[in-house]
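Reckoned from all heavy atoms, side chains included, excluding hydrogens, waters and symmetry mates. For ligands, and for the atoms within them, numbers begin at 1 and follow the listed sequence.
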Amino acid sequence: MKKIGLVTSGGDAPGMNAAIRAVTRVACSYGLEVLGFRRGWEGLLTNTFNQLTPRNVGGILHLGGTILHTSRSPEFKEKEGVRKAAETLALNDVEGLVVVGGDGSMHGALALSNETDALVVGIPASIDNDVFGTEETIGFDSAVNTAVIEIDKIRDTANSHDRIFVVEVMGRLRGFLALTIGLTVGAEVILVPEVPYTLEEIIRTLEVNGAKGKKSGIIVAAEGIGDTHKLLKEIAEGAGVEARLSITGYAQRGGNPTARSRLLANLFGEKAVDLLKAKKGGRMAALQGGKIVSVDLNQVCSNTKQLDLHLMRLTQILAT
Ligand code: F6P
């Protein structure tokens, strides 16, 4: 193998740049040439890339976002788009491709892997942490920390005003972010799409807390549960409390990656290049039981990662 490609795809995640740096430098240490395709799958559809070298990926380790840029490509979701991407790889004599992204990108990586002679490997990077087969994705820890810093500040004003705050966090249709953030800010209530809840239960919790003298509180809600504006109104009216909504939003996607996100990026980057060097395609670098391993992309794409419901129960015990 002489030449590999690299692409960052889907929502950006803090640590993607660290992964670009790691893949490039490890690959170059093996004498491989690295092409960085621009704007996610779009770069493979339009044959747009930069040559990546150990020098031109300098100074990016600590930066959020992705220097290659990213996008969500409707065209690549079609069979014709995947075929075009495969042609681009062949045209440029690219024998291996590293795809850095979340769940959707891993599905794209599998589709492309089935269409091309090049070996395709994935690196899981998403703030949502919803990729099956790996305990953690690059960027998750950074997004959790960003939200925790913000909610700690919200706690100050909640306490001062005896107010209830509903804080909406990202995570698409899954509750991994909400659960870890909720546990680590000491939330009184966590709402995630995976666990059914009723308005009555929320109100009851607030009433029980109120009777104990706890007049303020934080309700961490995953964006996937639906309309938090409506929920806020219902809580305020139902519990007779002063309540406010705060949406953490896209700030969670940006900012400097934490040391943990950088560490994963470095280790996944090395693993991905090693997989290509060993001629193993159709796989994804992953974290399992504290070890860096690889999993079959078919497995990644045909299973759904489960939420650790124990953390939900623990949060309730700790928020007394
Ligand atoms: O997948 C990462 C994520 O930030 C989700 O948490 C969120 O639902 C989604 O992307 C937003 O997507 P977009 O960037 O297309 O608005």
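- Every atom of ligand 1 is numbered from 1 in the order shown, and the set under 4.0 Å from a heavy atom of Y250 is 11 (C), 13 (P), 14 (O), 16 (O).
- Close approach to I127 involves these atoms of ligand 1, each under 4.0 Å from a residue heavy atom: 4 (O).
- Side-chain contact annotation: E168 with T228, donor-acceptor N/O pair under 3.5 Å present.
- Partners of T66 under the side chain to side chain contact (heavy atoms under 4.5 Å, CB included) rule, at least two apart in sequence or in another chain, are T8, D12, M16, N17, I20, L68, T70.
- Going from atom CD1 of I181 over to atom OG1 of T248 covers 6.5 Å, rounded to the nearest 0.5 Å.
- Checking only distances, D128 does come within under 3.5 Å of ligand 1, N or O to N or O.
- In terms of protein heavy-atom proximity, atom 4 (O) of ligand 1 is nearest to R253 NH1, 2.7 Å.
- Note on ligand 1: G171 sits in its first shell, one or more heavy atoms being nearer than 4.0 Å.
- Neither the backbone nor the side chain of Q252 has any atom closer than 4.0 Å to an atom of ligand 1 (non-hydrogen atoms only).
- Nearest-heavy-atom check against atom 13 (P) of ligand 1 across R72, E223, R172 picks out R72.
- Qualifying salt bridge (Lys or Arg N to Asp or Glu O under 4.0 Å) partners for E115, counting only residues two or more places apart in sequence or in other chains: K79.
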- Query: So R83 and E80, salt bridge (charged side-chain N to carboxylate O under 4.0 Å, His left out) or not? Walk me through it.
  - Reply: CA-CA 5 Å; R83 210 186 46 75; E80 183 51 25; 2.6 Å; yes
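- Distance check: D141 CG to L263 CG gives 10.0 Å after rounding to the nearest 0.5 Å.
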